[in-house]
Amino acid sequence: MNIRFRRGSLVVAASILVVTACGSGPPDEPPEATATSSPTSEPATTPPGPPSPTPGPSATVPVPPSGPEPTPVPPAGVPAALRGIDLERIPTEEKVVALTFDGGASDTAVSRILATLARYAVPATFFVTGDFARTYPDRVRAVAAAGHAVGNHSNTHPSYPDLTDEQIRADLAAAENAITALTGRPAVPLFRFPFGARTDADIRVVNGAGYVPVRWTVDSLGWKGTSGGLDAAAVTERVLAAAAPGQIVLMHVGANPDDGTTLDADALPAIIDGLRTRGYGFVDLADVVR
């Protein structure tokens, strides 16, 4: 499925482009698991550790009326061209990039990331767990209120190859309810596997629940922090060096638990400037998968 982006609209051409390329995974996104092997145990989406004791102020967003959690909108079904794959690159030759941020253990950089995206008028996709939504509801509301898509990153961040099909479906539903209760709109069809680990069978179950799994073309590695030998300039260069039509960039909203750095948030302005200088625009993944 070759997607062309013109004047903000999407025109889906008839050809199917094989999705390739895969960045190395962060501590919560290791190399993909195969159908015959399960990934080793890994930390949560962002490196483990307590949330920053001094997170930025939560955005003031109207709280949805109290009451029972809304029932998610039934999925319309996954397009045939997007079934059976963990999307690593948007199938297009247009010079567009999708910025994505995972939220699991820490919310430290959410406010700064949202401020940067607003200043540059750039859309992004946030994949959060049900646990993250329940722990940081104001952050999730702020992301949605800013107009960014909020995708499902599982409920408790388990390794899906270790779960039964029924357990996967239950985990997806619990996260969907937690996210939808805060945003007022479904996370379906956006989904990212915990740890980036999946088998072909897992993808089929996720597709059956109405989700399109979204992987990444490049991992910024900002999660490593300065204790991992990186700085904001290195993170920026890594993303810009991998620039290509349809690039999906993986970043995180949390802080490194050892040094407290938020290199992805630090590097974000330079990443946006650098991509625009190279002639790239930015797209909302929700438009692509729907």
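Checked by atom type and distance alone, the side chain of Lys95 pairs as donor or acceptor with a backbone atom of Arg278 at under 3.5 Å. A donor-acceptor contact shorter than 3.5 Å is absent between the side chain of Tyr136 and the backbone of Val110. Under a 3.5 Å cut-off, the side chain of Arg215 and the backbone N or O of Gly196 do form a donor-acceptor pair. In this structure a side-chain-to-backbone donor-acceptor pair under 3.5 Å is present from Asn207 to Tyr211. Remark: side-chain polar atoms of Asp107 are not paired, donor with acceptor, to backbone N or O of Val253 under 3.5 angstrom. The closest donor-acceptor contact from the side chain of Glu176 to the backbone of Pro186 lies at 3.5 Å or more, if one exists at all. Without hydrogens or angle criteria, Arg139 side chain to Phe132 main chain gives no donor-acceptor distance under 3.5 Å.
Ionic pairing of Asp138 and Arg141 is present here: one or more N-O contacts between side-chain nitrogen and carboxylate oxygen are shorter than 4.0 angstrom. Arg112 and Asp266 are joined by a salt bridge, as a carboxylate oxygen and a charged side-chain nitrogen come within less than 4.0 angstrom of each other.
Residues Ala267 and Thr236 approach most closely at CB-OG1, 3.3 Å, considering heavy atoms. Annotation for Val239 and Gln247: closest pair O-NE2, 3.3 Å, computed over non-hydrogen atoms. When all heavy atoms are compared, the tightest approach of Ala265 to Ile113 is CB-CG1, 3.9 Å. Nearest heavy atoms, Gly222 versus Leu263: O-CB, 3.7 Å. Of all heavy-atom pairs spanning Lys224 and Asp259, the tightest one is O-OD2, 4.2 Å.
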Passes side-chain hydrogen bond (donor to acceptor under 3.5 Å, both in side chains), Thr180 versus Asn177? Steps please.
CA-CA 5 Å; Thr180 302; Asn177 278 325; 5.8 Å; no
Ser220/Asp264 under side-chain hydrogen bond (donor to acceptor under 3.5 Å, both in side chains): CA gap, chis, key distance, verdict
CA-CA 7 Å; Ser220 73; Asp264 284 331; 2.5 Å; yes
Ring pair (Phe, Tyr, Trp, His ring centres under 6.0 Å) for Phe191 and Phe193? Distances and angles first, verdict last.
CA-CA 7 Å; Phe191 174 75; Phe193 281 104; 5.0 Å; yes
Trace of the ring pair (Phe, Tyr, Trp, His ring centres under 6.0 Å) decision for His157 with Phe195:
CA-CA 8 Å; His157 209 275; Phe195 309 110; 4.5 Å; yes
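Here the straight-line distance linking atom CG of Leu250 with atom OG1 of Thr217 works out to 10.0 Å at 0.5 Å rounding. Once rounded to the nearest 0.5 Å, the distance linking OH of Tyr120 with CD1 of Ile272 reads 6.5 Å.
Each of Thr100, Asn152, Asp86 was compared with Arg192 under the side chain to side chain donor-acceptor pair (under 3.5 Å) criterion, and only Thr100 meets it.
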